[in-house]
Amino acid sequence: MTGAHGLAPATAAAAPAMAALYARAFDAPWETHWSADAIRDLLALPTVAAMILGSEPALSGMVMVQAAAGEAEILTIAVDPACRGRGLGRRLLDGAVIWAAARGADRLLLEVAIDNMPARALYLSAGFRIAGRRRGYYARGKAPAVDAEVMELPLVPA
C-alpha cells in the first residue's frame with residue numbers, strides 16, 4: 001500500500017531488498033553496511049518505521065526513522081545511485097518529517113557526511129540547520145574517516 005509521496009511502509013519482508021539498496025547507495029567498507037538481519041531487528045522496534053520507494057528486489061529508495069522522548073532521528077536515507085536527481089530523496093525526507101511530527105516529535109535529527117554535498121544541500125533546503133559535528137564518524141576503508149554534521153529540523157507536532 002502506497003502512502004504520502006508514493007512511499008510504502010516497509011515490513012520485515014523487505015529487509016533483504018533494503019540491505020541491498022543500502023550497499024548500492026553508500027560507498028563504505030562492507031563491515032559498515034546494514035545487513036538484512038540488522039534491518040529486521042530495527043523494524044521490530046515499536047519506535048522505528050521505514051518507508052520505501054519502488055518494488056522489491058530493486059528498491060529505488062528508503063528511509064528509516066526512529067522516534068522517542070519527543071525527538072526523532074533519521075537512521076538512514078538511501079537512494080539508488082541510478083535513480084538520483086529525480087526528487088526521490090526529497091520524497092523520502094518529507095515522509096520522515098510527516099511520520100516524526102505525527103508521533104509528537106519536537107525535532108528531527110540526522111547525521112550527514114561533510115563531503116556529501118548533494119545530501120547536505122537537500123537537508124538545508126528542507127530547513128535543517130547544523131547542530132554539531134561528529135569527528136571521524138564515517139569510515140572510508142583505507143581513506144581517512146570523514147566527519148559528520150549533525151543536523152536538526154524543528155517540527156510542529158501533528
Side-chain angles (χ1 to χ4, degrees), residues 7 10 12 14-54 56-97 99-100 103 105-155:
L7 300 176
M18 294 170 71
L21 171 60
Y22 190 93
R24 289 193 310 275
F26 295 104
D27 180 24
W30 180 251
E31 61 272 10
T32 64
H33 286 200
W34 288 12
S35 68
D37 287 341
I39 291 170
R40 273 190 213 94
D41 289 347
L42 282 168
L43 291 175
L45 298 172
T47 58
V48 174
M51 294 160 268
I52 54 176
L53 288 169
E56 297 175 49
L59 300 176
S60 55
M62 71 173 189
V63 62
M64 294 184 69
V65 62
Q66 182 169 24
E71 289 187 342
E73 179 181 3
I74 292 177
L75 302 175
T76 192
I77 185 168
V79 174
D80 187 304
C83 300
R84 291 182 181 157
R86 300 179 191 170
L88 301 183
R90 174 66 73 161
R91 288 167 55 191
L92 293 161
L93 186 60
D94 289 348
V97 169
W99 184 89
R103 272 132 197 96
D106 294 326
R107 67 182 183 152
L108 180 60
L109 299 161
L110 60 82
E111 291 99 11
V112 61
I114 61 167
D115 62 354
N116 187 342
M117 301 313 278
R120 290 178 71 232
L122 169 65
Y123 303 141
L124 291 169
S125 74
F128 280 80
R129 63 180 184 231
I130 298 167
R133 183 174 283 221
R134 294 192 173 148
R135 303 252 179 241
Y137 189 75
Y138 290 104
R140 294 289 169 91
K142 294 181 182 185
V146 174
D147 292 354
E149 283 182 336
V150 178
M151 300 183 89
E152 67 178 354
L153 176 70
L155 299 175

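One finds the CZ atom of Arg103 at 12.5 Å from the CG atom of Leu108 (value rounded to the nearest 0.5 Å). Distance check, rounded to the nearest 0.5 Å: CG of Asp94 to CH2 of Trp99 gives 16.0 Å. Going from atom CD of Glu111 over to atom OH of Tyr137 covers 3.5 Å, rounded to the nearest 0.5 Å. Between atom CG of residue Leu110 and atom CG of residue Leu93 there is a gap of 7.5 Å, rounded to the nearest 0.5 Å. Ile39 contributes atom CD1, which lies 8.5 Å from atom OH of Tyr22 (distance to the nearest 0.5 angstrom). Atoms CG and CE, on Leu109 and Met151 in that order, are 11.0 Å from each other to the nearest 0.5 Å.
Checked against salt bridge (Lys or Arg N to Asp or Glu O under 4.0 Å), Asp147 has the following partners two or more places apart in sequence or in another chain: Arg133, Arg135. Pro118 is linked by a side chain to side chain contact (heavy atoms under 4.5 Å, CB included) to Asn116, counting only residues two or more places apart in sequence or in another chain. Applying the side chain to side chain contact (heavy atoms under 4.5 Å, CB included) criterion to Val146, with sequence neighbours excluded, gives Ala113, Ile114, Asp115, Tyr138, Arg140. Considering only residues two or more places apart in sequence or on other chains, Asp41 meets the side-chain hydrogen bond (donor to acceptor under 3.5 Å, both in side chains) condition with none of them.
Smallest separation of non-hydrogen atoms from Gly95 and Leu7: CA-CD1, 3.6 Å. When all heavy atoms of Leu43 and Ala50 are compared, the closest pair comes out as CD2-CB, 3.6 Å. Closest of all the heavy-atom pairs between Ala36 and Ala19 is N-CB, 3.5 Å.
For the salt bridge (charged side-chain N to carboxylate O under 4.0 Å, His left out) condition, no pair includes a residue of residues 58-67, sequence neighbours left out. Among residues at least two apart or in separate chains, ring-ring contact (aromatic ring centres under 6.0 Å, His included) pairs with a member in residues 115-134 are Tyr123-Phe128.
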For residues 58-72, please give each side-chain donor-acceptor pair under 3.5 Å, one per line with the distance, not counting sequence neighbours.
| residue | atom | partner | partner atom | Å |
| --- | --- | --- | --- | --- |
| Ser60 | OG | Leu53 | O | 3.2 |
| Gln66 | NE2 | Thr47 | OG1 | 2.9 |
| Glu71 | OE2 | Arg107 | NE | 2.7 |
| Glu71 | OE2 | Arg107 | NH2 | 2.6 |

Name every donor-acceptor pair, under 3.5 Å, that has one atom in a side chain of residues 77-89 and the other anywhere in the protein, sequence neighbours excluded.
| residue | atom | partner | partner atom | Å |
| --- | --- | --- | --- | --- |
| Asp80 | OD1 | Ala82 | N | 2.8 |
| Asp80 | OD2 | Arg24 | NE | 2.6 |
| Asp80 | OD2 | Arg24 | NH2 | 3.0 |
| Arg84 | NE | Val79 | O | 3.1 |
| Arg84 | NH2 | Ala25 | O | 2.8 |
| Arg84 | NH2 | Val79 | O | 3.1 |
| Arg86 | NH2 | Ala82 | O | 3.1 |

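Taking the charged nitrogens against the carboxylate oxygens, Arg40 and Asp37 do have a contact shorter than 4.0 Å, which makes a salt bridge.
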